A.B. asks: 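Below are the structure tokens for one structure; questions will follow.
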Amino acid sequence: MSALDTPAGTAPAPGRATAPAAGGEGLVGVFVGLKLALLRNGLRQSVKRRAAYIASVVFALLFAVGQLIGLVALRGNAHVAAVTVLLTGVLAVGWAVMPLFFPSGDETLDPSRLVMLPLRPRPLVAALLTASLVGIGPLFTLCLTAGSVAAVAYGAAGAAFAVVCAPLALLLCVALARTVATANTRLLTSRKGRDLAVLSGLVIAVGFQVVNFGAQRLSEAGGLSTLDPVADVVRWLPPASAIGAVDSASRGAYGQAAGQLLLSVAALLALLWLWQRSLVKLMTAPDGSTLAAAGAAREKTGKDGSRLSGLLPAGRTGPVMERGLRYIVRDPKTKSAWVTALAVGLLVPLFNALQGNGSVYFATFAAGMIGVQMYNQFGQDTSAFWMVSLTISSPRDAYLELRARALTLLLVTLPYTVVVTVVTAAVLGDWGALPSALGLSIGILGGMLATGAVTSALFPYSIPQDGAFKNVAPGQAGLAWISMFGGMFSAGLLCLPLVGVTIWLHVADHQPWLWTLLPGGIVYGALVVWAGLRIAAPRTADRLPEILAAVSKG
């Protein structure tokens with residue numbers, strides 16, 4: 001039983017050491033210091049990790065400052081209030097869902113690690129909330145909320161409300177994220193429960209596309225004035241109501257401003273109460289998901305595995321491909337990433353085609369989305385990679401391992417790319433562009449596989465299995481971002497020849513020769529993959545200890 005069950009006036013057992021900060025204000029400093037120490041120690045491990053983290057921080061801050069300047073530049077626009085209110089609403093939705101499916105690595109925010117510590121609920125919530133405010137995400141959000149209130153605040157009343165509402169909106173976003181994360185810890189840490197994240201990821205992917213196409217409709221409908229009816233509703237939903245309060249106070253509607261501010265405060269208090277209840281339940285109630293099921297489990301016959309092995313190539317390639325396919329089917333995080341990529345890759349070109357303003361070449365987006373699965377190949381093995389490393393004693397062994405992993409991806413991605421391109425061409429009725437679009441997609445897929453093999457060797461990172469909300473180990477988030485975006489940028493450069501030929505054939509009115517891009521894309525993609533594997537193999541063999549240490553961190 002956790003110390004959360006201990007009555008407030010009960011003295012600790014004789015001889016038991018009790019943390020002096022467990023029930024007081026000092027606990028906030030402990031958790032903030034713990035978070036800073038984890039970050040500092042993670043950055044001390046290598047120069048490459050420091051460089052990756054600094055690069056990600058600089059990129060995020062530049063983008064945040066750009067957004068802040070853009071919002072301030074809208075000051076005086078008749079519809080700026082609608083923009084800022086809706087932006088804050090979308091930001092809150094992002095805070096609620098992003099921690100579940102995107103890289104985050106913060107050991108101070110994982111409540112399951114605190115079960116055996118003598119911590120009271122209220123001080124624990126305060127400490128966790130304060131520690132949550134340390135990081136790039138909260139700073140980015142603060143820039144957006146500050147820009148939003150600066151864009152709508154006028155007069156002394158507006159300025160007074162702005163000083164309170166900007167940090168209040170930030171606290172609401174962070175508290176919402178922590179409440180959702182804590183409430184779903186038990187669900188997503190069980191194997192069957194984590195499988196539900198696949199469906200959630202699919203819903204989020206569809207939601208992003210709805211927002212995207214809504215923005216397109218907005219641009220077609222004639223401007224920002226069409227946002228006003230939606231904003232009139234959203235301004236009463238926290239945390240957007242905090243920005244709405246600043247706007248109302250600036251317009252002299254003090255009663256409305258007070259109501260929106262009180263609504264935001266009440267929402268924050270309700271979230272903190274729900275968060276506290278979830279913490280108590282998580283840290284005191286037994287975890288039914290870990291109990292053994294009644295009755296003996298049905299033993300597997302192994303017939304399916306034998307049938308699958310018989311269809312795959314002989315030698316090292318077959319077992320590696322079978323292992324990769326089983327990861328896709330059985331590992332919740334791998335399955336979630338695949339389902340989300342497959343859904344988004346199909347939705348973007350298909351929705352654009354259904355709207356009548358798309359192109360067959362939008363199908364190349366599917367190849368890019370699914371090709372990302374090649375990145376961080378060794379990270380999905382986690383600490384089990386040591387068994388794989390024992391079988392790699394030369395660049396030749398590393399080449400065969402990487403080649404088999406690439407073939408596993410091609411087994412799914414190649415027919416998927418063909419299907420998406422054909423469906424897009426059928427919806428648009430543009431069969432003439434099908435061969436060139438398909439050849440370009442295959443070339444892009446080859447570039448992604450090539451750069452994915454290289455970045456897997458140079459920028460490996462761990463995918464923790466003990467946390468439902470962490471896809472990157474603490475201190476490795478910057479490494480993950482630089483690996484993904486650096487690899488995607490390099491893949492884009494590799495595909496420039498194909499893109500250039502495609503543009504030239506269109507501009508020079510040589511459309512009858514567009515069909516040559518299909519065999520050209522196949523040959524070019526195969527050569528790029530072969531070159532990428534050849535470059536990555538010796539680096540993988542030479543860096544096995546570093547790769548093993550990186551992927552085993554979580």
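Each residue takes its place number in the sequence, starting with 1. Because the structure is a prediction, the values reported are computed rather than measured.
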A.B. asks: Answer whether the closest heavy-atom distance between the side chains of Val551 and Asp381 falls below 4.5 Å.
C.D. replies: no

A.B. asks: Would you mind reporting whether Trp338 and Val412 have side-chain heavy atoms less than 4.5 Å apart?
C.D. replies: yes

A.B. asks: Say you draw a straight line from CG of Leu168 to OG1 of Thr145; how long is it, rounded to the nearest 0.5 Å?
C.D. replies: 10.0 Å

A.B. asks: Hey, is OH on Tyr154 packed in by over 12 heavy atoms from elsewhere, all under 6.0 Å?
C.D. replies: yes

A.B. asks: Main chain of Leu325, side chain of Thr408: is a donor-acceptor contact present, judged purely on distance under 3.5 Å?
C.D. replies: no

A.B. asks: Begin from the C-alpha positions of Leu144 and Leu68 and carry the test side chain to side chain contact (heavy atoms under 4.5 Å, CB included) through to its verdict.
C.D. replies: CA-CA 6 Å; Leu144 291 186; Leu68 190 152; over 6 Å; no

A.B. asks: Kindly determine whether Val180 and Trp95 satisfy side chain to side chain contact (heavy atoms under 4.5 Å, CB included), including the steps that lead there.
C.D. replies: CA-CA 9 Å; Val180 172; Trp95 269 96; over 6 Å; no

A.B. asks: Taking Ala81's backbone N and O only, do any of them form a donor-acceptor pair with Thr84's side chain (distance below 3.5 Å, no angle check)?
C.D. replies: yes

A.B. asks: Keeping Ser264 on the side-chain end and Ala242 on the backbone end, is there a donor-acceptor pair under 3.5 Å?
C.D. replies: yes

A.B. asks: Stepwise, does the side chain to side chain contact (heavy atoms under 4.5 Å, CB included) test hold for Val149 with Asp247?
C.D. replies: CA-CA 8 Å; Val149 298; Asp247 177 59; over 6 Å; no

A.B. asks: Given 3.5 Å as the limit, does a donor-acceptor pair link the side chain of Ser250 with the main chain of Val152, or not?
C.D. replies: yes

A.B. asks: From Ser132 OG over to Phe31 CZ, what is the distance, rounded to the nearest 0.5 angstrom?
C.D. replies: 10.0 Å

A.B. asks: On a heavy-atom basis, which atom in Ser462 and which in Ala550 lie closest, and how many Å separate them?
C.D. replies: CB-O, 3.3 Å

A.B. asks: Ala240 and Gly89: which non-hydrogen atoms are nearest, and at how many Å?
C.D. replies: CB-N, 4.2 Å

A.B. asks: Strictly distance-based, threshold 3.5 Å: is any side-chain N or O of Arg75 a donor or acceptor partner for the main-chain N or O of Ala150?
C.D. replies: yes

A.B. asks: Report the distance from atom CE of Met448 to atom OG1 of Thr455, rounding to the nearest 0.5 Å.
C.D. replies: 9.0 Å

A.B. asks: Decide side chain to side chain contact (heavy atoms under 4.5 Å, CB included) for Ser248 and Gln260; before the verdict, give the C-alpha distance in whole Å, the side-chain angles of both, and the deciding distance to 0.1 Å.
C.D. replies: CA-CA 9 Å; Ser248 299; Gln260 290 169 324; 2.8 Å; yes

A.B. asks: Find the distance between CD1 (Ile136) and CZ (Phe140) and round it off to the nearest 0.5 Å.
C.D. replies: 11.0 Å

A.B. asks: If we ignore hydrogens and angles and just use 3.5 Å, is the side chain of Arg405 paired with the main-chain N or O of Gln377 as donor and acceptor?
C.D. replies: yes

A.B. asks: In Å, rounded to the nearest 0.5 Å, how long is the span from CG of Leu128 to CG of Leu119?
C.D. replies: 8.5 Å

A.B. asks: Please tell me whether Trp236 and Ser241 have a donor and an acceptor in their side chains that are separated by less than 3.5 angstrom.
C.D. replies: no

A.B. asks: We want to know whether Thr451 and Tyr375 form a side-chain donor-acceptor pair, criterion being a heavy-atom distance below 3.5 angstrom.
C.D. replies: yes

A.B. asks: Tell me the closest heavy-atom pair linking Ala341 and Tyr416, and the distance in Å.
C.D. replies: O-OH, 3.9 Å

A.B. asks: Count the heavy atoms of every other residue, nucleotide or ligand shown that sit under 6.0 Å from CZ of Arg277, and state whether that count exceeds 12.
C.D. replies: no

A.B. asks: Of the non-hydrogen atoms in Leu261 and Cys165, which two are nearest, and what is the gap between them?
C.D. replies: CD1-SG, 3.8 Å

A.B. asks: Please check: side-chain N/O of Ser148 versus main-chain N/O of Thr88, any donor-acceptor pairing under 3.5 Å?
C.D. replies: no

A.B. asks: Using side-chain heavy atoms (C-beta onward) and a distance below 4.5 Å, is Leu133 in contact with Leu171?
C.D. replies: yes

A.B. asks: Gly452 and Ser456: which non-hydrogen atoms are nearest, and at how many Å?
C.D. replies: O-OG, 2.7 Å

A.B. asks: Going from CG on Leu342 to OG1 on Thr413, what distance comes out if it is rounded to the nearest 0.5 angstrom?
C.D. replies: 9.5 Å

A.B. asks: Assign the ring pair Phe378 / Phe385 to parallel, tilted or perpendicular, where the plane angle (0 to 90°) is split at 30° and 60°.
C.D. replies: tilted

A.B. asks: Would you name the heavy atoms of Ala175 and Leu272 that are closest together and state the gap between them?
C.D. replies: CB-CD2, 4.3 Å

